[in-house]
Amino acid sequence: MSGSRPRYYLTTPIYYVNDVPHIGHAYTTLACDALARFMRLDGHDVRFLTGTDEHGQKVANSARAAGMDPQAFTDRVSQNFRDLTDAWNFSNDDFIRTTEARHIRSCQAIWRKLVAAGEIYLGSYAGWYAVRDEAFYGENELQDGPDGKKVAPSGAEVEWVEEPSYFFKLSAWQDRLLAFYQANPDFILPESRRNEVISFVKGGLRDLSVSRTTFKWGVPVPDDPDHIIYVWLDALTNYITAVGYPETESESFQTYWPADLHMVGKDILRFHAVYWPAFLMGAGLEPPRRVFAHGWWTNEGQKISKSLGNVIDPVELVEKYGLDQVRYFLLREVPFGNDGDFNHQAMVNRMNGELANDYGNLAQRVLSMINKNCQAKVPEPGEMTGDDEGFLGSAHGLIGQVRDAMEVQAFHEGLEAVWAMIRAANGYVDAQAPWKLAKEDPARMGTVLYVLAETIRHLAILTQPFMPDASARLLDQLAVPEDARAFACLGPDHALKAGTELPKPEGVFPRYENGEKTEEGE
RNA sequence: GGCGGAGUAGCUCAGUUGGUUAGAGCACCGGAAUCAUAAUCCGGGUGUCGGCGGUUCGAGUCCGCCCUCCGCUACCA
């Protein structure tokens, strides 16, 4: 199905199953979902991947604590993340799990490739290890305990241990990575993050331990079953597994790799922007085209943490405000890349002011007038004035502005461009006063309402990536066929046909009042 | 400490390569309208553009110093 359409492959991180899905997971995937939908509507052959990271000692411990086999345990907890994709209407094309056979095979294949290329060697990993925590700690994290023994932040005693470990020769990649960043200035966004990464790499790189012998829940190292492949090499490889690695000649791999975008939270940027390109280049593969590091949300101005008990449940959020409303808020409230604050008042302001009042009411007032004054049919446009034409021209040109924003993941700017048009449309309604024209000049009224209906068609088509349900309902109310909702149908060639019967309009963006969404439009 | 970013109207932010009276949204005040989800539209800001000094005919926009805040400074996803 790829044909000659441009392809677009984008990924979320794979989420660690030891966590319960929270707003941060939903946010990352939401950003990808909006982008994936946008690209599909814009004619791209899109591949949108998300999934779960299911290996590691913490998972093994949790499974044991639950009295379960690790595989059965991960089968259960990874379901939480698949449920989230349904609850939030995510349109991912695939959901990968690191415990799947395809991934284990892929991991071992890239491992062999790196070994053959001389990028991996056997050494030993030494550090302060806390038996109680089953974890290593850095020297700077330790404190002196009684008896002069070192103590971990958790209070556990640590001891100096050495274990055999395979290492990836990251230290040899500094210059090549810097050259890569130089040659690809948009590889890391936002730009401030790019500076951080470059600064980090300039500071020198150490070889990276990529295997463990202290636990077993992972992908076995080929030809050395005492070791399992450690976290990042396992986890990051999912991005190529999902498009067919190690079958690099397959149609899938040829079509979709390198990925156009890895969307990540700012906390895991380094792994994606430093380790991952090095792994890939070391294995003779192309690095991805972009890594975008987005920010975090606070809750009513407070840092979110389990200990504070203010974690935001993405499913509850949607039940409270509505899915499209939450999707809109998260992508509109904050310049994408920055941190943001989720607070009730801001949510309601966006929901009522921008969705219900600006957008919803625009559609409702126009469609109602058509319903009452035009026999519920798309009116016949007469001669257009310069104002009409200029106004419609703005609607036709909107896609260009939104596209420019989306190409650099500036969701807030794309939405701002759409809202500038919505505000202008409300101004046009008032300036033309079609309710007056109904009595004085019905033909002119028809033209005005036609121009507005056509504008709303453009708006609804453009808001589909952000608010799929509400946008679809608006397009239904304009009787736009399902197959005429792509961006190719923007512009005059697919304009509404006069005489088309329209259903009775219904509100699509309820207001939030008195602690409840209004009944209407629910 | 080192490197980097930021400090613009009450709030959140835009402000191309320096150039007419520094902008938007929200909030607030006043007016209009009444088609519409009590929604909409129009009008209204004397803002030390963090501070001081400098370059320039001219700086929010360049340079220096200072103040404040933030991010990064490796093997936990």
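All chains are named by letter (A, B, ...) in the order of the sequence lines, taking the proteins before the strands, and each is independently numbered beginning at 1.
Evaluation of the salt bridge (Lys or Arg N to Asp or Glu O under 4.0 Å) test over residues 263-272 of chain A, restricted to residues two or more places apart or in two chains, returns A/K266-A/D339.
Residue A/W419 places no side-chain N or O under 4.0 Å from the OP1 or OP2 atom of B/G25. Proximity of A/Y230 to the phosphate of B/A77: a side-chain N or O atom is located under 4.0 Å from OP1 or OP2.
Not counting sequence neighbours, A/S192 has no partner by the side-chain hydrogen bond (donor to acceptor under 3.5 Å, both in side chains) test. Partners of A/H262 under the side-chain hydrogen bond (donor to acceptor under 3.5 Å, both in side chains) rule, at least two apart in sequence or in another chain, are A/T11, A/W276.
Taking atom CD of residue A/E413 and atom P of nucleotide B/A24, one finds them 17 Å apart after rounding to whole Å. One atom, CG of A/D404, and another, C1' of B/U16, lie 15 Å apart when rounded to the nearest Å. In this structure, the CG atom of A/N238 is 13 Å from the C1' atom of B/A77, given to the nearest Å. Between the CZ atom of A/R194 and the C1' atom of B/G4 there is a distance of 13 Å, given to the nearest Å. Spacing between atom CZ of A/R270 and atom P of B/A77 amounts to 12 Å, rounded to whole angstrom units. If you take CZ of A/R332 and P of B/A14, they are 12 Å apart, rounded to a whole angstrom. Rounded to whole angstrom, the span from the CG atom of A/D234 across to the P atom of B/C76 amounts to 15 Å.
Place A/V17 and A/M369 on RNA chain B by their nearest nucleotides, and A/M369 ends up nearer the 5' end.
A/K436 comes within contact range of no nucleotide atom at all, as no heavy-atom separation falls under 4.0 Å. Residue contacts for A/S209: at a heavy-atom cut-off of 4.0 Å it reaches a base atom on one of the strands shown.
Comparing the P positions of B/G18 and B/G58 gives an interatomic distance of 15 Å, to the nearest angstrom. Across B/C75 and B/C65, the matching P atoms stand 33 Å from one another, rounded to whole Å.
Ion pair A/E100/A/R97 not flagged as a salt bridge, since none of the NZ, NE, NH1 or NH2 atoms sits closer than 4.0 Å to an Asp/Glu carboxylate oxygen. With respect to the salt-bridge test (charged N to carboxylate O, under 4.0 angstrom), the residues A/D358 and A/R350 do not qualify.
Comparing atom distances between the A/K58 side chain and each of B/C72, B/U34, B/C76 picks out B/C76 as nearest.
With pairs defined as Watson-Crick or G-U wobble and both atom distances under 3.5 Å, the stems of at least three pairs that touch RNA chain B come out as B:1-7 with B:67-73, B:10-13 with B:23-26, B:28-32 with B:40-44, B:50-54 with B:62-66.
Taking a 4.0 Å limit (strictly below) on heavy-atom distances, residues 196-208 of chain A reaches RNA chain B at A/E196, A/S199, A/F200, A/G204, A/L205, A/R206, A/L208.
Counted within 6.0 Å of CD on A/E191, heavy atoms from surrounding residues, nucleotides or ligands total 12 or fewer; the atom is thus considered open.
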Write out a two-atom table: protein N or O, nucleotide N or O from nucleotides 39-44 of chain B, distance below 3.5 Å.
from  : atom 1 : to     : atom 2 : distance (Å)
B/A39 : OP1    : A/R511 : NH2    : 3.0
B/A39 : O2'    : A/N357 : O      : 3.3
B/A39 : O2'    : A/N361 : ND2    : 2.5
B/U40 : O2'    : A/R365 : NH1    : 3.1
B/U40 : O2'    : A/D430 : OD1    : 2.7
B/U40 : O2     : A/D430 : OD2    : 3.1
B/C41 : O4'    : A/D430 : OD2    : 3.1

